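All figures in this text were calculated on a predicted structure; none of them were measured in a lab.
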Amino acid sequence: MQNGPAVRRRKLGAELRMLRTGAGLTSGEAARLVGWHQSKVSRIETGASGVKPADLRSLLDAYGVRDGHLRELLLMLVGTEEAGDRHRWWHAYRGVLPPTYRDFISLESQASAMRTLETTVVPGLLQTPEYARAVTRAAVHGLDEERLDALVEVRLARQDVLRSQPPLELCAVLDEAVLRREVGGPEVMTRQLARLMEAARLPQVRLQVLPFGAGAHVGLTGPFVIFSFPSTSDLDVVVLDQLTSSLYLERKEDLMAYSEAFATLQFHALSPEDSLDYIAGIGDGA
């Protein structure tokens, strides 16, 4: 269980080690190709030290990696702004975003799929502007209007991943409490429920409701997000969001446990079709 940058270093190192061995090179041979000492390659591969963008490109060239998307994804793990303009829009908000939130957005922008359990609020990717404002105001104490506006702008800008090509595939399980909690007042919730129904009809979105009638379930311990990435499953990560920070789980055992938990939640939740009817019923006052 680590913070975002540590996870990125370890995952980048593991991926580079796989690429090196796939190219048939020892660490010493790789180091000679790029003019380094072998210990530098070893430190990068174990995640003990970071790597500069120029050094990463040198390694990828030495390993014969020509896949543009994979190179861009690995640059994202470096934590650099050089990962492409489409994936670093949030740097304009560096002054108002805490590092853990920037890490989360960075992962979200590069992921190919996202599975999320929400037990308290609507997922950020599906929030209306009014709902996002009410949630942000309640969650972050003492916000002035300028900072509040900026954080809401970020929340809405994140939603572009659902409209990009290819779009992020979103699977969300919502506890019924998410739908019943009156955030921002009745009118805001009416529009938010309508937004959920609209989003649920998108081909890249699978939305399921876990009704109160399902009883106790594995998600009672709290919400979580599982990010999956193109090209390699070794980059997948679980994110547990806390009040003041986020925790990242990368071990295969953790990924398997949370993937199984999410599959169980989907099994006990209403089908996507029944979930639409359920949300409509709540919107009608049922």
Side-chain angles (χ1 to χ4, degrees), residues 1-2 7 100 104 107-108 111 113-128 131-132 134-136 138-139 168-186 188-190 192-197 199-202 204-228 233 236-286:
M1 189 175 291
Q2 304 180 51
V7 169
T100 52
F104 184 90
L107 291 170
E108 183 180 72
M114 174 179 173
R115 287 168 284 172
T116 180
L117 165 70
E118 287 292 350
T119 58
T120 54
V121 297
V122 170
L125 296 182
L126 304 178
Q127 292 179 6
T128 65
Y131 186 98
V135 166
T136 304
L168 176 77
E169 295 181 8
L170 174 64
C171 290
V173 174
L174 308 185
D175 189 276
E176 184 173 345
V178 172
L179 309 176
R180 299 285 185 184
R181 179 169 290 104
E182 202 169 87
V183 175
V188 170
M189 281 307 299
T190 296
Q192 180 59 71
L193 294 176
R195 166 64 180 142
L196 284 176
M197 295 176 64
R201 296 186 176 94
L202 296 173
Q204 68 271 30
V205 175
R206 180 183 176 89
L207 184 63
Q208 293 180 258
V209 174
L210 194 62
F212 289 147
H217 54 77
V218 67
L220 290 177
T221 53
F224 60 86
V225 173
I226 307 172
F227 285 121
S228 298
S233 62
D236 293 359
V237 62
V238 177
V239 184
L240 307 179
D241 205 21
Q242 309 292 317
L243 181 62
T244 59
S245 64
S246 296
L247 299 175
Y248 296 73
L249 288 72
E250 59 170 332
R251 297 186 310 164
K252 291 188 182 297
E253 309 93 281
D254 294 325
L255 287 164
M256 182 175 295
Y258 276 88
S259 294
E260 291 176 352
F262 191 79
T264 299
L265 290 165
Q266 286 187 302
F267 177 79
H268 290 290
L270 300 175
S271 70
E273 296 76 18
D274 290 342
S275 294
L276 270 175
D277 292 338
Y278 206 80
I279 295 172
I282 292 176
D284 291 336

Is there a side chain to side chain contact (heavy atoms under 4.5 Å, CB included) between Val173 and Arg115? Walk through the geometry before answering.
CA-CA 8 Å; Val173 174; Arg115 287 168 284 172; over 6 Å; no

Walk me through it: do Met189 and Val183 pass the test side chain to side chain contact (heavy atoms under 4.5 Å, CB included)?
CA-CA 6 Å; Met189 281 307 299; Val183 175; 4.1 Å; yes

Would you please test Phe104 and Phe227 for ring pair (Phe, Tyr, Trp, His ring centres under 6.0 Å) and show each step?
CA-CA 10 Å; Phe104 184 90; Phe227 285 121; 5.2 Å; yes

Before you tell me yes or no, could you show the steps for Met114 and Val225 under side chain to side chain contact (heavy atoms under 4.5 Å, CB included), namely the whole-Å CA-CA distance, both residues' side-chain angles and the distance that decides it to 0.1 Å?
CA-CA 7 Å; Met114 174 179 173; Val225 173; 3.8 Å; yes

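Inter-residue side-chain proximity for His268 and Leu210 is flagged as met; some heavy-atom pair is nearer than 4.5 Å. Side-chain contact between Leu174 and Leu179 is present, with heavy atoms from C-beta onward closer than 4.5 Å. Within the 4.5 Å cutoff, side-chain heavy atoms of Leu265 are placed close to those of His217. Residues Val178 and Val121 have side chains not in contact (no heavy-atom distance under 4.5 Å, counting atoms from C-beta outward). Between Ser228 and Glu169, the closest side-chain pair of non-hydrogen atoms is not below 4.5 Å. Side-chain contact between Thr120 and Arg181 is present, with heavy atoms from C-beta onward closer than 4.5 Å. Looking at Arg206 and Leu170, their side chains never come closer than 4.5 Å, going by heavy atoms from C-beta outward.
Put simply, CG on Leu125 and CD on Glu108 are 4.5 Å apart, with the number rounded to the nearest 0.5 Å. From Arg195, atom CZ reaches atom CD of Gln127 across 10.5 Å, with rounding to the nearest 0.5 Å. Between the OG1 atom of Thr190 and the CD1 atom of Ile282 there is a distance of 11.5 Å, given to the nearest 0.5 Å. If you take CG on Leu207 and CD on Glu118, they are separated by 11.0 Å, rounding to the nearest 0.5 Å. Note: Asp175 CG to Leu220 CG = 7.5 Å, rounded to the nearest 0.5 Å. Interatomic distance, OH of Tyr258 versus CG of Asp236, reported as 15.0 Å (0.5 Å rounding).
Closest approach of Pro123 and Thr116 over heavy atoms only: CG-CG2, 4.5 Å. When every heavy atom of Leu117 is checked against every heavy atom of Phe262, the shortest pair comes out as N-CE1, 4.1 Å. Here the closest heavy-atom approach between residue Asp254 and residue Val238 is recorded as O-CG2, 4.4 Å. Taking each heavy atom of Thr119 and Gly219 in turn, the nearest pair found is CG2-O, 3.7 Å. Minimum interatomic distance between Thr128 and Gln192 (heavy atoms only, all atoms of both residues): N-OE1, 2.9 Å. Shown here for Met197 and Ile279, the closest heavy-atom pair between the two residues is CG-CG2, 3.6 Å.
Residue Phe212 qualifies as enclosed at atom CZ: its count of foreign heavy atoms under 6.0 Å is above 12.
Between the side chain of Tyr131 and the backbone N or O of Val122, at least one donor-acceptor pair lies under 3.5 Å. For the pair Gln266 (side chain) and Gln208 (backbone), a donor-acceptor distance under 3.5 Å is absent.
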